[in-house]
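Here is the structure we will look at.
A, B, ... follow the sequence lines: proteins, then strands. Residue 1 opens every chain.
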Number of protein chains: 2
Amino acid sequence: MQVSTYDLDKIAEKLNLSIKDLDKAFKKKILREDEYKEQKHLLFKKEFKGVEKGTVIFLNDNLDVVRGYPKTYRAITLYPTIKKHFIDKVVVEEKLNGYNIRIVKIDGEVYALTRSGYICPFTTKKVKKFLNLEILDDYNEYMLCGEMIGLNNPYTPYYYKEVDRGYENLGFYIFDIKERETNKSLPVKERIKLCEKYNLPHVKPLAIVDKDEAHIHVRKIIEELNKEGREGVVLKDPDMAISPIKYTTHYTQCEDLKSAFTFFFDLGIDFIFSRIVREGFMSYEFKETLEERKKRAKDLGEAILSPMVETINKVANGERVSEDFELIFDSEEDFDEFLDFMRKMKMVITIKNVEEINTDEGVKIKALIGKIYNKTNDKIISYLNGTLWE
Amino acid sequence: MQVSTYDLDKIAEKLNLSIKDLDKAFKKKILREDEYKEQKHLLFKKEFKGVEKGTVIFLNDNLDVVRGYPKTYRAITLYPTIKKHFIDKVVVEEKLNGYNIRIVKIDGEVYALTRSGYICPFTTKKVKKFLNLEILDDYNEYMLCGEMIGLNNPYTPYYYKEVDRGYENLGFYIFDIKERETNKSLPVKERIKLCEKYNLPHVKPLAIVDKDEAHIHVRKIIEELNKEGREGVVLKDPDMAISPIKYTTHYTQCEDLKSAFTFFFDLGIDFIFSRIVREGFMSYEFKETLEERKKRAKDLGEAILSPMVETINKVANGERVSEDFELIFDSEEDFDEFLDFMRKMKMVITIKNVEEINTDEGVKIKALIGKIYNKTNDKIISYLNGTLWE
């Protein structure tokens, strides 16, 4: 790889690293060169000496930096975790179940970056269509951080009634605006003011509470969100001086398990332990009665066993199980570009159906795509054929 | 370490390894020197080039070898696994839930070796007391392989009514007799004949069936054992020409999970996935109705959640949770020797109670010992105090 054609000194300085560090990152393949429509950039594949995973350096004259979105840590108990973590007030926002996107404008071009730092052509096109991104002309140093949600996406296909566009269930909600070179967040109020000024969809606070009583309020909110089948909350310092923390519903723990155990040999082992521990601490903290705990246990057991047995049944009947998602493209060209991107991501997919649909915005392409989990399919076949477990 | 004082050539030859291999095993710390009452021996800590984990070479004139007990693989489905694995007939034996022991006599001394190849002073004394080991004088080349079961042992304390001795619940059942230098097993019939001749307690066949119909019989036996709260079966070729395979009950899967999730941060993550997968394939193969599957899911969920919440409650109330077992010793000296052995095993234990008891065999020492799981205790405290999950 050729790394001598751009100014390593300047990159090192911007990231607060030494040249030696950069060399090391290249050698360890943590830092790699990537390309999107001839725009070359560098990508941090992992966290490295304070530089977040997913950080991207555009190889233009400015060497524009887009820092990776920091990991949001999780509260296992509401009390005393919230009280200990925050300074004074706590902003409670809903956590949406989609995928994390940073939107930036570099040299006049809009890019939507995934959590891992890939410029996703599908998402880039959608955000350009959904949003008026004037704000990035006025504040080019910002990145709009938010959640892309809805059924029609390739990462976290999950229905949300509020993003129904008729032929497509997809939408973007900003939950953070940051200086893209420093990762400094705007205070919650300023973020909301800016979003309102530029008419951008954004996550609204559910409550602003004192940290000492926050656990009582959050528990009520969580119980409500749980009933509605929603994911959970992110808790924030009003000034964003403290890193946010998250907490999720029983419903989400079970949904995560259901998805993971549908493809259990691929996803089960990584998902299960953390979800179960969350449930254990929630049952303890919510001082459940024996009846309530039994109900929770039943939900958990079914979230694990049912999808697993259903998958084994399907494979036994000769089916190859896949995780299917339906995407809407404006043109064949967009569809092809997306497929190239999936290949680059090393996702194994199969195209199950492609059709043209008429919409109020003209003819579109609707593609049904299946993500293949080879390990689950192959191992099930093998055990059904008599292979022993070692 | 001094390895030059004994004949490496002869050891290499006996194990069908080269001197170079032996050197490598020493260097990688797979092969180590150990000692029991001044009897030095070498121990394979891991499987190495065909030599089983737990293989021991006594450093006497003969360089007597005791091969490690081979891993018993597991059937995930009964059909077609049994049919494919065996030649003709299949012997169905009950699998007991205790710990695997090999009994040998070397230079006139009896030793009981654990699965890992440690000479356990506790077990050695118990088998010498429980069994008449004349057989090892007549057949010094054999090792008696069996399961030590019952509540009063330090490894798998699990009550079995058939080994109740009044003041102690403990007993040994032979399930295999092997040539200790070659690991060759006696045919099932010969093993039983020898056990009967020498009046040794042994596992008796529950059935001998044709491999083609074995899955039907085994399912019935498993359902019966499940009702009785017993572990499962080991399936064997009558001539022991094929390696045995095992299959366990729903009851056992749940009991395993209950034990593991009592100390969930220490044991949970390693136990859970395999147990759940076994349940998934069993539910599929037994063609369960929706009701039956829901019952299984409920059992699974409760086996995971309940012990976890109970442990969190205990720790929240200031208790330090431990796995307790009660052992009976003949003398203070035996007790001390056992404690030294536990320290050598790097087990963290606490002595909770010691008392003298009167038995029909005289005064004995009854000790209540707790095995400490530090990770579970410490992590729970930490999350209860507000530590975030990374």
side-chain contact (heavy atoms from CB on, under 4.5 Å) assessment of Arg293(A) paired with Glu310(B): CA-CA 11 Å; Arg293(A) 197 201 291 170; Glu310(B) 277 160 31; 3.7 Å; yes
Step-by-step side-chain contact (heavy atoms from CB on, under 4.5 Å) determination, Asn385(A) to Lys84(B): CA-CA 9 Å; Asn385(A) 285 335; Lys84(B) 277 196 164 177; 4.0 Å; yes
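The candidate from Glu279(A), Arg278(A), Glu288(A), Lys294(A) with the greatest count of non-hydrogen atom pairs under 4.5 Å with chain B is Lys294(A). For the set Asn313(B), Leu78(B), Thr387(B), the entry with the most heavy-atom pairs within less than 4.5 Å of chain A is Asn313(B). With respect to chain B, the highest number of heavy-atom pairs below 4.5 Å among Phe261(A), Tyr284(A), Phe265(A) belongs to Tyr284(A). With chain B as the partner, the residue from Ile304(A), Asp299(A), Thr311(A) showing the most heavy-atom pairs under 4.5 Å is Ile304(A). Comparing Gly386(B), Gly268(B), Ser306(B) by how many heavy-atom pairs each has under 4.5 Å with chain A, the most go to Gly386(B).
At a 4.5 Å heavy-atom cutoff, the contact between Leu384(A) and chain B is made by backbone and side-chain atoms alike. With a 4.5 angstrom heavy-atom cutoff, Ile380(A) touches chain B via backbone and side-chain atoms both. Interface residue Arg296(A): backbone and side-chain heavy atoms are both found under 4.5 Å from chain B. Heavy atoms closer than 4.5 Å to chain B are found nowhere in Thr72(A), neither backbone nor side chain. Proximity to chain B (any heavy atom under 4.5 Å) is shown, for Ile276(A), by both the backbone and the side chain. Using a 4.5 Å cut-off between heavy atoms, Ile269(A) touches chain B through backbone and side chain atoms alike.
Heavy atoms of other residues, nucleotides or ligands lying less than 6.0 angstrom from NZ of Lys46(A) number 12 at most. Atom NZ of Lys53(B) sits in a sparse spot, with 12 or fewer heavy atoms from other residues, nucleotides or ligands closer than 6.0 Å.
Between Trp389(B) and Phe273(A), the ring-plane angle classifies as tilted under the 30° and 60° cut-offs. Aromatic ring pairs are classed by plane angle as parallel below 30°, tilted from 30° to 60° and perpendicular above 60°; the pair Phe281(A) and Tyr383(B) is perpendicular.
Interatomic distance, CD of Glu302(A) versus CG of Leu290(B), reported as 8.0 Å (0.5 Å rounding).
Side-chain atoms of Leu305(B) and Leu300(A), non-hydrogen and from C-beta on, do get closer than 4.5 Å to each other. Contact check for Arg74(A) versus Leu388(B): no side-chain heavy atoms found under the 4.5 Å cut-off.
Across every non-hydrogen atom of Gly280(A) and Met308(B), the tightest pair is CA-CE, 3.8 Å.
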